[in-house]
Amino acid sequence: MFIPHKAWHHRHVCVESARSFYKAATSRIPITEPVYYSNQKLNELWKSGRINEAQHLFDEMPEKDEFTWNTMIAGYGNSGKVNEAQKLFHDTPNKSSVTWSSLISGYCNLGYEYESLSLFSQMQCLGYKPSQFTLGSVLRMCSIYRLLSRGEQVHGQMSKAKYLFKSMTYGKNHVTWTAMITGFSRNQDQIGAIECFRDMRAEGVEPNQYTFPSVLTACGDSLAFKFGLQVHGCIVKGGFSGNVFVESALVNMYAKCGSFDNARIALDSMEVDDVVSLNAMISGCVRQGFKQDALFLFKKMHTKNMKIDDFTYPSVLNCFASLLDPNTSNSSKSIHCLAMKTGFEGYILIGNALVDMYAKQGELQCAHNVFDKMPERDVVSWTSLMTGYACNNTHEESLKLFCEMRISGIKPDQVVIANILSSCAELTVLDFGRQVQADFIKSGFHSSLSVDNSLVSFYTDCGSIEEANKVFNSMNTKNVITWTAIIKGYAKNGKSTESLKFYNEMIKNGIKPDFITFIEILFACSHAGFVDQAREYFDSMMKIYQITPGPDHYACMIDLLSRSGKIDEAEKLLNEMVIEPDATVLKALLSGCRVHGKVELAEKTANTLFELAPHDAVPYIVLSNLYSSMGKWEESARIRRLMKARGVNKEPGKSWMEINSKVYTFMSEDRRHEKWDAIYGKIDEVMMAIKEAGYVADMNFALHNIDEEGKELGLAYHSEKLAVAFGLLELPHEREIRIFKNLRVCGDCHTAMKFISSVYGRVIILRDSNRFHHFKDGVCSCGDYW
């Protein structure tokens, strides 16, 4: 367009004036890079853990917008510097919901429940609406610290947020959609995140590099593999394949879904070696059992001098914890040394993983050394060490640790309670277990299926079937472990008929029996002489449930058949076994031969056992006793000499009982107890009283190289008789006497206990190595069949 001369001159003057004004202005104000780039750099610095550098940049920035202030508050909060975050929050000129959320999130991450909830309330009182991120942070904290009522209130706020989002008729863009998807994903609502992503696409809003990681996380956590594949397709079409955060999320999703071929392809296609992606891959390999692959990837990281961080070490250490190869011990210790050199040993997650690894490898001293050096411990630290001691049959140490944990102020969770109850069951410390249950109830924790199952097992293993039944009946949810525990409990406490009823009830409730269930149901039949029912259950294993019988199933069947006098059928079943018979099976047959005097078969079976289990004393003792019962004294002595020559030692019999949380142990003719004179005086009184009632000592269970009087005294001073005498002295009449023995109770002691229960009007509960015997009014729950 043509411009007249005057107009052109006017325009030229205006331009010059503008230039003069700009020059004057810029001479007083220094030229800086746009605030956008400073904000971006600030965000990167605190997310990479360089909070001090972030603080320096913040202080130097001449211009700060809302994003600047919010970013720095979030940086302080997530770095644990909540005091600095609080100060900066007060200095912020223009606060928004994001500002409040940044501060609240910091307090929540550190577990400051009072401050977090107080700020959350203040925020709403001042008219600020909490976002998905705010609600997510507070909900997670409420979940971790069991603040149920507050959590329910916050959950209501989140539902309101969802409603408000759905009611928006305009203004939805990729930012608001991404915020909702991320909120769903972070709050473990994977289905909500996936549905939100689907709705976003349906409305024509394109996802970006911030959207994809959140929806992929939801796919991985919910194992939504097919939907994850579709999201991958969207990533390729949208051109986001080269984004390192998106690629890392893809690797993580595929690894969690168990699709390692796709995970490897995604990992190999990355242009840069990304620590987060490799960590995700290693974690996925460990989770799916591909331990060697996990170790190969770790070696690759180490070889390339990549930064091994606090996410890498726990996965690798968990890998070594699950490897049963003893040759890996040196390698696992090398990882420990590397963690020390790189300064990560003090991290609580790594310390916990080290304790767990050493405990599972049976190196309890190493595990305890790591535990002692940990600067801070949480409930997982204590659980790992307690479980390690329990798994290595050091249950007393496990109980000591539990007491130390409670003294230190750490509250036990469901995992701890389930484990410690198992140790209580192994040690049969009924009073201690009751205290553990009471302590757990007082703590305010809700019970769990694992805790309830452990309680059922604990009470049945301690012979308190009534308490086990109360727990069982109170359970809203029962699984096959629950039913198996109650079936086992009733069977071991001499109530085989009730045990079979529970099995039938389990089947009616649609619960399928498993390998262990059939061991317990066959045990119930074996200890009640239910031959026909046992045959039916045994046949149904393969025909109905496709469960191949194991040595324990065969042992129960052979024990039942041989003790029922069906020795030929028992031998036939042994020869037809689909697996090689082990010592348990052969000892069951040998015991049957002992009962029915089958010398030839007993000799054959014992000789096989001498080779199969050369250090097991049981076959020597059973065969020797068989010879003695038939008057073959020379043969009996020969077996005893053979046993001694081969260095095979019989486990000494001992009995123990718990009174007022203290355990008292007794051995035959033991005089080490502080009240031994009173105990022996009481047992002499007891033996005279039951003799008057008709008791006659069974000399078949006495030593044969002494006179008759010596035999009778030897029987009188068996460990379980000493224990019952102590119980009569110490326990009030209304209390049952509970005794536990490491070996099977002998026939003479079994008879004596029946008489004592009748003469003294006491309930005696004796658990031997095989089952419980409940003596009352001269009758035993086993029906004299044990």
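Only this structure's heavy atoms are used, side chains among them; waters, hydrogens and symmetry mates stay out.
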Engineer: Side chains of E736 and H774: do they bring a donor and an acceptor to under 3.5 Å?
Structural biologist: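 Checked: E736/H774 side chains show no N/O donor-acceptor pair below 3.5 Å.
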
Engineer: Looking only at non-hydrogen atoms, find the nearest pair between P551 and V585 and report the distance.
Structural biologist: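 For P551 versus V585, the nearest heavy atoms are O-CG2, 3.3 Å.
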
Engineer: Say whether N419 and S422, considering side chains only, have a donor N or O and an acceptor N or O under 3.5 Å apart.
Structural biologist: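 There is no such pair between these side chains.
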
Engineer: Between the side chain of T387 and the main-chain N/O of T383, is any donor-acceptor distance below 3.5 Å?
Structural biologist: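 Yes; at least one donor-acceptor contact below 3.5 Å.
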
Engineer: Show your reasoning for whether side chain to side chain contact (heavy atoms under 4.5 Å, CB included) applies to F440 and Q414.
Structural biologist: CA-CA 8 Å; F440 180 69; Q414 289 95 332; 4.0 Å; yes

Engineer: Could you check whether R434 makes a cation-pi contact with F458, meaning its NZ or CZ is under 6.0 Å from the centre of the six-membered ring and within 45° of the ring axis?
Structural biologist: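 No, cation not above the ring by the 6.0 Å, 45° rule.
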
Engineer: Salt bridge check, E730 against K662: does any charged N sit closer than 4.0 Å to a carboxylate O?
Structural biologist: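 Result for this pair is no, no salt bridge flagged.
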
Engineer: Using 0.5 Å steps for rounding, measure from the CD atom of E720 to the NZ atom of K741.
Structural biologist: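 Reported value, rounded in 0.5 Å steps: 3.0 Å.
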
Engineer: Between D616 and K587, is there a side-chain N and carboxylate O pair less than 4.0 Å apart?
Structural biologist: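 So D616 pairs with K587 through a salt bridge.
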
Engineer: Are any side-chain N or O atoms of D356 and backbone N or O atoms of N352, one a donor and one an acceptor, separated by less than 3.5 Å?
Structural biologist: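 Side chain of D356 to backbone of N352, a donor-acceptor pair under 3.5 Å: no, none is there.
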
Engineer: In the structure I gave you, are the side-chain heavy atoms of V416 and M405 within less than 4.5 Å of one another anywhere?
Structural biologist: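 Of all side-chain heavy-atom pairs linking M405 with V416, at least one is under 4.5 Å.
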
Engineer: Less than 4.5 Å apart, any side-chain heavy atom of W656 and any of N742?
Structural biologist: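 A side-chain contact under 4.5 Å exists here.
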
Engineer: Roughly how far, to the nearest 0.5 Å, is the SG atom of C462 from the CD1 atom of I765?
Structural biologist: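 One gets 10.0 Å once the value is rounded to the nearest 0.5 Å.
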
Engineer: Starting from the C-alpha separation in whole Å, work towards a yes-or-no answer on salt bridge (charged side-chain N to carboxylate O under 4.0 Å, His left out) for E669 and R671.
Structural biologist: CA-CA 6 Å; E669 301 187 36; R671 296 180 185 271; over 6 Å; no

Engineer: Will you find, in the side chains of T517 and T484, an N or O donor that is under 3.5 Å from an N or O acceptor?
Structural biologist: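 Yes, T484 and T517 have a side-chain donor paired with an acceptor closer than 3.5 Å.
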
Engineer: If every non-hydrogen atom of A294 is compared with every non-hydrogen atom of V286, which pair is closest and at what distance?
Structural biologist: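 Heavy-atom minimum between the residues: CB-CG2, 3.7 Å.
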
Engineer: Specify the closest pair of heavy atoms between V648 and P614, including all atoms of both residues, with the distance to one decimal.
Structural biologist: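 Heavy atoms of V648 and P614 come nearest at CG2-O, 3.3 Å.
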
Engineer: Looking at every non-hydrogen atom in both residues, tell me the closest pair between S384 and V355 and how far apart they are.
Structural biologist: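 Residues S384 and V355, closest heavy atoms: CB-CG1, 3.8 Å.
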
Engineer: Report the relative orientation of the aromatic rings in Y313 and F344; use parallel for angles under 30°, tilted for 30 to 60°, perpendicular for over 60°.
Structural biologist: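 If you compare the ring of Y313 with that of F344, the planes turn out tilted.
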
Engineer: Would you say that F726 contacts M657 through its side chain, given a criterion of any heavy-atom pair below 4.5 Å between the two side chains?
Structural biologist: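 The answer is yes; the side chains approach within 4.5 Å.
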
Engineer: Assess the residue pair S448 and D452 against the criterion (side chain to side chain contact (heavy atoms under 4.5 Å, CB included)); give the C-alpha distance rounded to whole Å, side-chain angles, the decisive distance to 0.1 Å, and a yes or no.
Structural biologist: CA-CA 6 Å; S448 66; D452 288 340; over 6 Å; no

Engineer: Would a 4.5 Å heavy-atom cut-off, applied to side chains only, mark K488 and D461 as touching?
Structural biologist: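 Yes, their side chains come closer than 4.5 Å.
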
Engineer: Please check this pair: side chain of T428 against backbone of A425, looking for a donor-acceptor N/O pair closer than 3.5 Å.
Structural biologist: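 Side chain of T428 to backbone of A425: no pair is present.
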
Engineer: With no hydrogens and no angle check, just 3.5 Å: does a side-chain donor-acceptor pair link T482 and N453?
Structural biologist: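 Yes.
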
Engineer: Any non-hydrogen side-chain atom of T217 less than 4.5 Å from a side-chain atom of D221?
Structural biologist: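 A side-chain contact under 4.5 Å exists here.
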
Engineer: Verify whether one side chain among E397 and T394 offers a donor that lies under 3.5 Å from an acceptor in the other.
Structural biologist: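 No, no side-chain donor-acceptor pair sits under 3.5 Å.
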
Engineer: Is the Y254 to F260 ring centre distance short of 6.0 Å?
Structural biologist: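 Between F260 and Y254, which both carry aromatic rings, the centre distance is not below 6.0 Å.
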
Engineer: Please step through side chain to side chain contact (heavy atoms under 4.5 Å, CB included) for the pair L267 and L297, ending with a clear verdict.
Structural biologist: CA-CA 11 Å; L267 186 66; L297 287 169; 4.3 Å; yes

Engineer: Check this for me: does any side-chain nitrogen of one of E404 and R406 sit under 4.0 Å from a carboxylate oxygen of the other?
Structural biologist: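 Salt bridge between E404 and R406, a charged N being under 4.0 Å from a carboxylate O: no.
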
Engineer: Taking all heavy atoms of P652 and all of M667, pick out the closest pair and write down the distance.
Structural biologist: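 So the minimum-distance heavy-atom pair works out to CB-CE, 3.5 Å.
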
Engineer: Using side-chain heavy atoms (C-beta onward) and a distance below 4.5 Å, is E363 in contact with N369?
Structural biologist: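 No, their side chains stay 4.5 Å or more apart.
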
Engineer: Are Y459 and E466 packed together at the side-chain level, in the sense that at least one heavy-atom pair is separated by less than 4.5 angstrom?
Structural biologist: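 The answer is no, as the side chains (C-beta and beyond) never meet within the 4.5 Å cut-off.
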
Engineer: For the residue pair N469 and Y490, confirm or rule out a side-chain donor-acceptor distance under 3.5 Å.
Structural biologist: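 On atom types as modelled, these side chains qualify, holding a pair under 3.5 Å.
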
Engineer: When the ring planes of F610 and Y620 are compared, do they come out parallel, tilted or perpendicular, using 30° and 60° as the limits?
Structural biologist: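 Answer is parallel, since the angle falls under 30°.
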
Engineer: Determine whether a donor-acceptor pair (N or O, by modelled atom type, separation under 3.5 Å) exists between the side chain of S283 and the backbone of A280.
Structural biologist: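 Looks like no, no N/O pair under 3.5 Å.
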
Engineer: Only one of S277, P314, S315 clears side-chain contact (heavy atoms from CB on, under 4.5 Å) with I282; which?
Structural biologist: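 Considering S277, P314, S315, a side-chain contact (heavy atoms from CB on, under 4.5 Å) with I282 is found only for S315.
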
Engineer: Going from CD1 on I739 to CD1 on I737, what distance comes out if it is rounded to the nearest 0.5 angstrom?
Structural biologist: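 Between atom CD1 of I739 and atom CD1 of I737 there are 6.5 Å.
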
Engineer: Could you measure the distance from the CG atom of L722 to the OH atom of Y664? Nearest 0.5 Å is fine.
Structural biologist: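 L722 atom CG to Y664 atom OH measures 15.5 Å (nearest 0.5 Å).
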
Engineer: For F772, is there any backbone N or O sitting under 3.5 Å from a side-chain donor or acceptor partner on N493?
Structural biologist: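 No, because the side chain of N493 does not come within donor-acceptor range (under 3.5 Å) of the backbone of F772.
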
Engineer: Would you call R672 and D670 a salt bridge, taking side-chain N to carboxylate O under 4.0 Å as the test?
Structural biologist: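 Answer for the salt bridge query: yes.
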
Engineer: Taking atom types as modelled, find out whether N660 and D431 have a side-chain donor-acceptor pair closer than 3.5 angstrom.
Structural biologist: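 Checked: N660/D431 side chains show no N/O donor-acceptor pair below 3.5 Å.
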
Engineer: Rounded to the nearest 0.5 Å, what separates atom CZ in F371 from atom CE in M386?
Structural biologist: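 Spacing of CZ (F371) from CE (M386) equals 8.0 Å.
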
Engineer: Test side chain to side chain contact (heavy atoms under 4.5 Å, CB included) on R767 and H773; report intermediate values, then the result.
Structural biologist: CA-CA 6 Å; R767 194 190 85 169; H773 302 266; over 6 Å; no

Engineer: In terms of side-chain heavy atoms, does Y358 have a donor or acceptor partner in H368 at a distance below 3.5 Å?
Structural biologist: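 No, H368 and Y358 have no side-chain donor paired with an acceptor closer than 3.5 Å.
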
Engineer: If I take atom CG from residue L338 and atom OG1 from residue T342, how far apart are they, to the nearest 0.5 angstrom?
Structural biologist: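 If we round to the nearest 0.5 Å, L338:CG and T342:OG1 are 5.0 Å apart.
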
Engineer: Mark yes or no: K654 above the aromatic ring of F666, with NZ or CZ under 6.0 Å from the six-membered ring centre and no more than 45 degrees from the axis.
Structural biologist: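 No; the conditions do not both hold, so K654 does not lie above the ring face of F666.
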
Engineer: So do the side chains of F523 and H553 get within less than 4.5 Å of each other, counting heavy atoms only?
Structural biologist: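 No, side chains not in contact.
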
Engineer: What are the two closest heavy atoms between C424 and V436, and how far apart are they?
Structural biologist: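 That closest heavy-atom pairing would be SG-CG2, 4.5 Å.
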
